[in-house]
Amino acid sequence: MKKALTIALAAALASGTMMAQAYQQGDWVLRVGATTVDPDTDSDDINLPQGVVAQADVDDDTQLGIIPMYMVTDKFGVELLAATPFEHDISADVRGSSLSVDAGSTKQLPPTLVVQWYPRGGEDGWQPYIGIGLNYTLFFDEDVDNELVDTLGALTDGVVQNADLDLDDSFGLAAQAGIDIPFSDRWAFNIGVWYIDIDTEAEITAKAAGGAQVAKVKFDVDIDPWVYNIGIAYKF
Ligand code: NI
């Protein structure tokens, strides 16, 4: 009995010392963490009534990232970035002034499929990786803020009473780097960074009382965010 306990303890200590088992072909790794989408926005001019020109700016948001990865070989994996829906505030910064109008908000899901290279695949210990892949960003629940409606109303002598915002979905490239730092044979800390090309066409439809369309403005917005995940990884 005493001997069995000693062996069990020795085995536990040994696995702790060895840290993580190597990532190998056929392994699944699930990364979960706080995922932040931090836009680096570049907007076309938004031509509002009376020659007022604004540009859109998009705020950051943090959600729960759920990020499975499958090792196709000892050195290459395929990873999917999934998350609970992000919600971003959008402002319209008026050119030639410090005026910034709360324009609205949008939700989005940015599933990103990346092929990853693990230079230390097949070896125990730290697992750095780089990846390249594709992103599809789905925008939904776009909302217009009352401040934008009021601003449009003021610029049109009260004609505009309402507005709609619509954002086109985006399809683009993604690049990535990250690392898993093991603290047991199956658990690791994870830090991952993506740069994602997300470009959308936005459309604001201004409406009069009763819903008749007064004007429609279209403009391109490059959101091109840095995305960060900080969390843990578990190897199955
Ligand atoms: Ni872009």
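In this chain, numbering begins with 1 at the start of the sequence shown. Order of appearance sets the numbers: ligands from 1, and atoms from 1 within every ligand.
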When Thr200, Asp166, Leu109 are each screened for side-chain contact (heavy atoms from CB on, under 4.5 Å) with Phe139, the one that passes is Thr200

With Trp28, which of Tyr234, Tyr70, Phe236 fulfils ring-ring contact (aromatic ring centres under 6.0 Å, His included)?
Tyr70

Parallel, tilted or perpendicular, judged at 30° and 60°: which one describes the rings of Tyr23 and Tyr118?
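Aromatic pair Tyr23/Tyr118 classed perpendicular.
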
What are the two closest non-hydrogen atoms of Ala233 and Val29, and how far apart are they?
CB-CG1, 3.9 Å

Just to verify, which of Gln176, Gln127, Lys75 counts as forming a side chain to side chain donor-acceptor pair (under 3.5 Å) with Gln116?
Gln176

Near the Ni ion (ligand 1), meaning under 2.8 Å, the protein N/O/S atoms are Asp197 OD1, Asp199 OD1, Asp224 OD1, Asp224 OD2

Any side-chain donor-acceptor pair under 3.5 Å between Asn135 and Thr137?
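There is such a pair between these side chains.
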
